[in-house]
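Residue numbers begin at 1 in each chain, while the letters A, B, ... track the order of the sequences.
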Number of protein chains: 2
Amino acid sequence: MGRNSRKLDILEAASKIVTDRGIFNLTLEAVAEEAGISKGGLLYHFPSKEALVQGMVEHLAGNYREKISKNAKEDAEEKGKWTRSFLDVTFNQSYQNKDMNAGLLAAKAVNSDLLEPIREAYKQWQHNIENDGLDPVKATIIRLAIDGMWLSELFDIYQIEKEKKEEVYRTLMAWTEE
Amino acid sequence: MGRNSRKLDILEAASKIVTDRGIFNLTLEAVAEEAGISKGGLLYHFPSKEALVQGMVEHLAGNYREKISKNAKEDAEEKGKWTRSFLDVTFNQSYQNKDMNAGLLAAKAVNSDLLEPIREAYKQWQHNIENDGLDPVKATIIRLAIDGMWLSELFDIYQIEKEKKEEVYRTLMAWTEE
DNA sequence: ATTACTATACTATTTGGACGGTTTTGTTTC
DNA sequence: GAAACAAAACCGTCCAAATAGTATAGTAAT
């Protein structure tokens, strides 16, 4: 798998550091060490810290987008497919995805402008969800609820019990099929 | 003239810096200057940066708690009062409250343990909401949706149009009255 | 005397990033 | 196929700037 995964190695290392040690420990040296590369080598791939964080965001936004659009396309039922896809991917995949959380936190801390790719993605999803054959307000609520779930966990504000989480998920999913 | 609001001035200054300039610019010097106090004076009140952030969190958590419990007590209808109060306070008051956002971001960045007062508050609210005379799952969804709304804005991920926000709010509110 | 500061100077450490050099890999020419 | 060269990938050191926190001497009001 060689050479092309070098950049990915670095991005993963950066995510790991943010997740495990917090934003203030995301230093070039720490990332280099975690990725098994020298500081110079790191700066070769990402010429500045901002570029590194930008890389993180672009990577996670791309991944997330792909998953959601693929999932929607595979849905047999037309009505509600975007809402379902968003719900499913967010709950079952991105949820535990450290990259997402780390990238968000890093971008917010370093430079809010770097969040643009994510904003762009969300804008599109919101549009799709509102034109999904469902009641737009209810669809939006579904979206907000699942976002509330992962954002509150990302923030360590609270975490509902697994049981209740599953129940919420099933209920929201059922709403997309009404 | 016990200018006892000195500590509050400092906390407000800190919030303003985080909101306007981001977490990395929350330095002791910057806070002192923004608060119109010397660095020594700042350290007199908050002996370390961590203590300052702790102060921020405690202050916002206290405020938030008070508002919600006051609001719930004033509700004429018993059923759903906690859910309504949470919804109302979050949407109409804490929402634009920069203190909340700044405190959260600062605590998450500096030391996640500092979020404990908020976690404690949320734990209680979740308990109240689940025993509010409403369907617990639906009540939880209401809570999650409104959290999704302010957290996604706090994060600058997306912002729905005002119109739609109001609609969502009204719909959620109606659900607490069913 | 105590509380609540101001003002300045200082230390010790960290950090982003520049820089110059080296190794690896790939391509062309003989 | 080997030599010659070029480009990409990478290393390790150096440095100026910034920062948390300490120290200290002094002020003003209660």
Participant: Could you check whether A:L43 gets within reach of a base, just the sugar-phosphate, or nothing at all, counting any heavy atom under 4.0 Å?
Facilitator: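 Contact class for A:L43: base.
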
Participant: Look at all strands and tell whether B:S38 reaches a base, only sugar-phosphate, or nothing, counting heavy atoms closer than 4.0 Å.
Facilitator: base

Participant: How long is the line joining CG of B:L42 and P of D:dG21, in whole Å?
Facilitator: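 Answer to the nearest Å: 10 Å.
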
Participant: Does the ring of B:F155 carry A:R119 above it, NZ/CZ under 6.0 angstrom from centre and within 45° of its axis?
Facilitator: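 Not satisfied by the 6.0 Å and 45° rule.
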
Participant: Hey, is the side chain of B:H45 poking within less than 4.0 Å of OP1 or OP2 on C:dA4, counting only N and O atoms?
Facilitator: no

Participant: At under 4.0 Å between heavy atoms, what does A:I37 touch on the DNA or RNA strands: base, sugar-phosphate, or nothing?
Facilitator: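 Sugar-phosphate contact only.
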
Participant: Starting at NZ of B:K39 and ending at C1' of D:dT24, how long is that distance when rounded to a whole Å?
Facilitator: 15 Å

Participant: Cation-pi between B:K67 and B:F86: NZ/CZ under 6.0 Å from ring centre and within 45° of the ring axis?
Facilitator: no

Participant: Between atom CG in B:L28 and atom C1' in D:dA18, what is the gap in whole Å?
Facilitator: 12 Å

Participant: Atom CZ of A:F46 to atom C1' of C:dG16: distance rounded to whole Å?
Facilitator: 16 Å

Participant: What's the CD-C1' distance between A:E33 and D:dG12, to the nearest Å?
Facilitator: 14 Å

Participant: Nearest-Å distance, CD (A:E50) to P (C:dG17)?
Facilitator: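 The answer, rounded to whole Å, is 8 Å.
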
Participant: For the residue pair B:R6 and B:Y44, would you count it as a cation-pi contact if the rule is NZ or CZ under 6.0 angstrom from the ring centre and within 45 degrees of the ring axis?
Facilitator: no

Participant: Please state whether the base of D:dG21 and the side chain of B:K49 form at least one donor-acceptor pair under 3.5 Å?
Facilitator: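 Looking at the base of D:dG21, it does not pair with any donor or acceptor on the side chain of B:K49 (distance under 3.5 Å).
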
Participant: Answer yes or no: does a side-chain N or O of A:R6 lie under 4.0 Å from OP1 or OP2 of D:dA9?
Facilitator: no

Participant: In this structure, how many angstroms lie between the P atom of C:dA9 and the CD atom of B:E29, rounded?
Facilitator: 13 Å

Participant: Looking at A:M100, A:M56, A:H59, A:E34, which hits side-chain contact (heavy atoms from CB on, under 4.5 Å) with A:S15?
Facilitator: A:M56

Participant: For the side chain of A:T27, counting heavy atoms from C-beta on, which of C:dG17, C:dT15, D:dT19 is nearest?
Facilitator: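 Of the options given, the side chain of A:T27 lies nearest C:dT15.
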
Participant: What is the distance, rounded to the nearest whole Å, between atom CZ of A:F24 and atom C1' of C:dT15?
Facilitator: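 Distance, rounded to whole Å: 13 Å.
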
Participant: Using 4.0 Å as the upper bound for N to carboxylate O, is an ion pair formed by A:K39 and A:E33?
Facilitator: no

Participant: For D:dC10, take OP1 and OP2 only and decide whether either is under 4.0 Å from a side-chain N or O of A:Y44.
Facilitator: no

